[in-house]
Trainee: 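This structure is in structure tokens; I'll ask about it shortly.
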Amino acid sequence: MKYVLVTGGVVSGLGKGVTASSIGVILKACGLRVTSIKIDPYLNTDAGTMSPFEHGEVFVLDDGGEVDLDLGNYERFLDIKLTRDNNITTGKIYQSVINKERKGDYLGKTVQVVPHITDAIQEWIERVAMVPVDGKEGPADVCVIELGGTIGDIESMPFIEALGRFSYRVGPGNFCLVHVSLVPVLNVVGEQKTKPTQHSVRGLRTLGLTPNVLACRSARPLEDNVKEKLSQFCHVPAANIITLHDVSNIWHIPLLLRDQKAHEAILKDLNLLSVTGEPKLEKWMARAKLCDTLCDPVRIAMVGKYTGLSDSYLSVLKALLHASLRCRKKLVVEWVASTDLEDETAKEAPDSYEAAWKLLKGAHGILVPGGFGDRGVQGKILAAKYARENKVPFLGICLGMQIAVIEFARSILKLKDANSTEFDPDTLNPCVIFMPEGSKTHMGGTMRLGSRRTYFKVIDCKSAKLYGNVSYVDERHRHRYEVNPEMIMELERAGLKFFGRDETGRRMEILELPDHPYFVGAQFHPEFKSRPEKPSALFLGLIAASCGQLDFFLKNSNWNLTSSVAINGFSTPKPCQNGISKKPSKISMNGTFYSNGNSNGNRRTCLRNLSALVADLFRSSFHFCNFVSPLYANVQFVS
């Protein structure tokens with residue numbers, strides 16, 4: 001087994017996760033099998049109890065592991081399925097050591113950070129690295145390890161010590177360290193400054209680790225004299241100093257690594273250069289170009305509680321991007337704080353209230369993601385009501401599905417006090433109830449988690465058709481509350497159909513309004529299994545309905561097998577809003593998110609590149625439907 005360690009210095013948020021994922025991509029493109037491990041130095045056992053404002057979204061794996069969002073990047077980039085053990089935390093390590101101590105495994109010994117904690121870290125890495133994650137038998141060839149945080153953080157010290165010992169133990173030719181650092185440019189002098197990186201590398205070396213490759217984040221490519229200076233003071237060959245400058249979309253990152261021969265530097269240190277070929281990244285080149293040239297927008301209103309931090313909905317964003325790229329549309333996300341839609345805001349902050357409703361009414365589709373707690377729930381209910389009454393495409397995920405049920409019960413069944421017991425334990429009409437197997441005393445790891453099977457009650461529905469006319473699907477869950485099974489008959493008689501259910505038939509998984517262009521709710525989280533080349537079916541339905549393409553995908557149930565823009569000789573339908581042809585209004589960057597970093601000012605560039613793109617598309621025989629991350633894009637939020 002070969003190991004690539006990715007560390008970060010100077011500041012957090014440099015993009016270690018994307019860098020680690022891109023390294024995995026380029027190694028995989030060279031013909032190697034790759035697995036990934038993320039180390040988070042916090043004391044939490046897992047990310048399950050952490051607020052989205054603290055650490056971004058909680059990503060859920062097939063085995064029910066609640067992990068860091070970077071594991072979502074690994075899965076999407078490398079098309080692999082990881083386990084909870086691929087996310088190492090300080091809490092997990094200390095818990096395993098303490099459990100061993102209580103059992104008497106260290107009988108007679110004084111249990112210490114060195115060697116017991118450091119040995120436990122090394123043993124964990126070696127054990128997990130051997131587990132196949134790509135569906136094939138046998139271990140991978142290379143394990144990419146990302147160490148969270150920044151070099152010098154006190155909580156990272158046991159891991160730094162363990163990894164230093166680990167590199168010595170596995171020996172030269174089996175370990176490569178890639179250090180991601182910042183080379184800032186001061187506006188006053190306009191010069192790229194190397195001192196922060198010098199100090200970061202010096203700190204790394206004093207802790208027993210020496211970088212083999214420097215990946216330097218900067219606003220623009222590094223100048224040759226800057227590389228030479230870094231090489232001289234950091235003791236890294238100039239050829240091993242890689243520039244990760246700002247790009248229009250992250251599909252360019254593996255291409256940057258390839259163009260600067262980063263794979264050769266890594267493979268040389270791992271003694272794999274002679275057994276691998278040149279990286280085959282033609283798909284990535286086409287995706288990057290396609291993302292840069294998309295101009296026709298589809299606007300989705302994201303009505304949530306955590307809109308101040310896009311990482312809170314990272315997988316949702318990426319699933320939207322996958323779907324919009326499949327439909328050849330430029331994704332624009334309108335961030336709508338659900339509290340701003342409520343009547344109370346109309347009294348206290350009328351400007352915010354009017355701005356939120358203007359964004360909602362101007363969107364082509366509405367998405368209500370999951371969440372916990374009662375803050376902003378009324379705003380989500382109002383958004384679902386607006387979508388239902390005005391025939392606007394709607395997708396509700398987890399809590400979003402539950403509030404759609406509450407709104408329907410209040411408006412159609414006239415049950416004015418209909419509610420969830422999460423928000424009103426004493427409601428006389430509980431539409432959503434606490435699941436009997438859940439725990440009300442312990443929060444961590446007690447929800448209904450991981451991959452569960454959903455069976456379609458009928459095949460003749462939008463969701464089943466989008467999934468390819470299958471009888472069941474396996475999707476990932478994360479919830480404590482469910483739709484009250486005692487109210488299902490009454491709701492279905494009124495027109496709200498529950499087409500997807502669990503194996504018992506009593507737990508509701510998918511709802512639809514058959515007489516609505518697209519009104520779908522899912523108790524599970526389809527975003528966690530969305531992939532660039534296989535977008536989530538329900539997200540594709542939302543985007544397709546929002547731009548007038550839904551009928552096309554419903555009639556072509558094998559859309560996931562399609563490999564070109566034109567299908568059977570016919571291109572995808574002309575975009576329209578809610579089934580009515582309409583030219584999209586002009587969109588500014590204020591309050592919107594452009595998926596590939598292009599603003600309206602780039603439209604001329606888009607048109608100029610369009611002819612070259614079309615030629616490339618017709619020459620290519622592979623899939624182009626992939627996702628564009630907001631990491632290197634220009635993102636602004638609605639206040």
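The figures here come from the full heavy-atom set of this structure, side chains too, leaving out hydrogens, waters and symmetry mates.
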Trainee: Please confirm whether the backbone N or O of Tyr313 pairs with a side-chain atom of Tyr306, one donor and one acceptor, at under 3.5 Å?
Mentor: no
Trainee: Shortest non-hydrogen contact from Val18 to Asn73?
Mentor: CG2-ND2, 4.4 Å
Trainee: Given Arg476 and Asp62, is the side-chain contact (heavy atoms from CB on, under 4.5 Å) satisfied, shown in steps?
Mentor: CA-CA 6 Å; Arg476 299 175 182 179; Asp62 271 358; 2.7 Å; yes
Trainee: Is Lys358 salt-bridged to Glu334, cutoff N-O under 4.0 Å?
Mentor: no
Trainee: From Lys497 NZ over to Lys462 NZ, what is the distance, rounded to the nearest 0.5 angstrom?
Mentor: 13.0 Å
Trainee: Check whether any side-chain heavy atom of Gln549 sits under 4.5 Å from a side-chain heavy atom of Arg328, and report yes or no.
Mentor: no
Trainee: Using a strict 4.0 Å threshold on nitrogen-to-oxygen distance, state whether Lys347 and Glu342 make a salt bridge.
Mentor: no
Trainee: Hey, are the side chains of Leu314 and Phe59 touching, using non-hydrogen atoms and a 4.5 Å cut-off?
Mentor: no
Trainee: Can you check whether Ser420's main-chain N or O pairs, donor with acceptor, with Gln402's side chain at less than 3.5 Å?
Mentor: no
Trainee: How about Val392 and Leu360: do any of their side-chain heavy atoms sit closer than 4.5 Å?
Mentor: no
Trainee: Of all heavy-atom pairs between Ile397 and Phe539, which one has the smallest distance, and what is that distance?
Mentor: CD1-CZ, 3.3 Å
Trainee: Any idea which heavy atoms bring Val298 and Ser546 closest together, and the distance?
Mentor: CG2-CB, 3.8 Å
Trainee: Looking at OG of Ser536 and CD of Glu475, how far apart are the two atoms once the value is rounded to the nearest 0.5 Å?
Mentor: 6.0 Å
Trainee: Take Phe77 and Trp251 through the ring-ring contact (aromatic ring centres under 6.0 Å, His included) test and state the conclusion after the steps.
Mentor: CA-CA 10 Å; Phe77 268 66; Trp251 295 119; 5.8 Å; yes
Trainee: Quick one: does Trp357's side chain have a donor or acceptor within less than 3.5 Å of a partner on Leu341's backbone?
Mentor: yes
Trainee: With no hydrogens and no angle check, is any side-chain donor or acceptor of Asp63 less than 3.5 Å from a backbone partner on Thr83?
Mentor: no
Trainee: Atom OH of Tyr518 and atom OG of Ser463: how far apart are they, to the nearest 0.5 Å?
Mentor: 7.5 Å
Trainee: Should Leu538 and Tyr467 be marked as a side-chain contact (heavy atoms from CB on, under 4.5 Å) after you check the CA-CA gap, both sets of side-chain angles, and the distance that decides it?
Mentor: CA-CA 8 Å; Leu538 300 186; Tyr467 273 108; 3.9 Å; yes
Trainee: Using side-chain contact (heavy atoms from CB on, under 4.5 Å), reason through Arg388 and Phe394 one step at a time and then give a plain yes or no.
Mentor: CA-CA 8 Å; Arg388 180 181 58 81; Phe394 172 88; over 6 Å; no
Trainee: At what distance, to the nearest 0.5 angstrom, does OG1 of Thr421 lie from CG of Asn484?
Mentor: 8.5 Å
Trainee: Would you call Lys465 and Glu512 a salt bridge, taking side-chain N to carboxylate O under 4.0 Å as the test?
Mentor: no
Trainee: Using atom types as modelled and distance alone, determine if a side-chain donor or acceptor of Asn86 lies under 3.5 Å from a backbone N or O of Ser36.
Mentor: yes
Trainee: Apply side-chain contact (heavy atoms from CB on, under 4.5 Å) to Asn419 and Ile406, showing your working.
Mentor: CA-CA 6 Å; Asn419 214 329; Ile406 295 170; 4.1 Å; yes
Trainee: Can you tell if the side chain of Phe456 reaches within under 4.5 Å of the side chain of Ile510, non-hydrogen atoms only?
Mentor: yes
Trainee: Any side-chain heavy-atom pair from Pro425 and Phe434 closer than 4.5 angstrom?
Mentor: no
Trainee: Do Ile488 and Val483 touch side chain to side chain, with heavy atoms closer than 4.5 Å?
Mentor: yes
Trainee: Show me the pairs that pass salt bridge (Lys or Arg N to Asp or Glu O under 4.0 Å) and involve residues 448-458, at least two apart or across chains.
Mentor: Arg448-Glu509, Arg453-Asp474, Lys457-Glu492
Trainee: Among residues at least two apart in sequence or on other chains, which ones pass salt bridge (charged side-chain N to carboxylate O under 4.0 Å, His left out) with Asp424?
Mentor: none
Trainee: Does the side chain of Asp502 come under 3.5 Å of the side chain of Thr504 through a donor N or O and an acceptor N or O?
Mentor: yes
Trainee: Hey, are Glu75 and Arg531 close enough for a salt bridge, meaning a charged N less than 4.0 Å from a carboxylate O?
Mentor: yes
Trainee: Determine the minimum heavy-atom distance between Gly495 and Leu513, stating which atoms define it.
Mentor: O-CD2, 3.6 Å
Trainee: Check the side chains of Arg76 and Ser315 for a donor-acceptor pair under 3.5 angstrom, ignoring hydrogens and angles.
Mentor: yes
Trainee: Using atom types as modelled and distance alone, determine if a side-chain donor or acceptor of Ser411 lies under 3.5 Å from a backbone N or O of Phe408.
Mentor: no
Trainee: Between Arg507 and Glu482, does the salt bridge (Lys or Arg N to Asp or Glu O under 4.0 Å) criterion hold? Intermediate values first, please.
Mentor: CA-CA 7 Å; Arg507 183 158 285 160; Glu482 63 175 334; 2.7 Å; yes
Trainee: Look at atom CD of Glu389 and say whether more than 12 heavy atoms of other residues, nucleotides or ligands are closer to it than 6.0 Å.
Mentor: yes
Trainee: Looking at every heavy atom in both Met447 and His479, which two are closest together, and how far apart are they?
Mentor: CB-O, 3.5 Å
Trainee: Backbone N or O of His525 within a donor-acceptor pair of the Arg478 side chain at under 3.5 Å?
Mentor: no
Trainee: Lys330 side chain to Ser324 main-chain N or O, any donor-acceptor pair under 3.5 Å?
Mentor: no
Trainee: Calculate, to the nearest 0.5 Å, the distance between atoms OH and CD1 belonging to Tyr481 and Ile433 respectively.
Mentor: 10.5 Å
Trainee: For Asp460, look at atom CG and say whether over 12 heavy atoms of other residues, nucleotides or ligands are found less than 6.0 Å away.
Mentor: no
Trainee: In Å and rounded to the nearest 0.5 Å, what is the NZ to OH distance from Lys38 to Tyr74?
Mentor: 5.5 Å
Trainee: Step by step, would you call Lys361 with Asn390 a side-chain hydrogen bond (donor to acceptor under 3.5 Å, both in side chains)?
Mentor: CA-CA 10 Å; Lys361 293 179 179 180; Asn390 293 275; over 6 Å; no
Trainee: Do Leu61 and Phe528 come close enough that some side-chain heavy atom pair is under 4.5 Å?
Mentor: no
Trainee: Would a 4.5 Å heavy-atom cut-off, applied to side chains only, mark Leu415 and Leu428 as touching?
Mentor: no
Trainee: Give the minimum heavy-atom separation between Met401 and Ala522, together with the two atoms involved.
Mentor: SD-C, 3.4 Å
Trainee: Mind jotting down which residue pairs meet the salt bridge (Lys or Arg N to Asp or Glu O under 4.0 Å) criterion with at least one end in residues 408-423? Sequence neighbours excluded, please.
Mentor: none
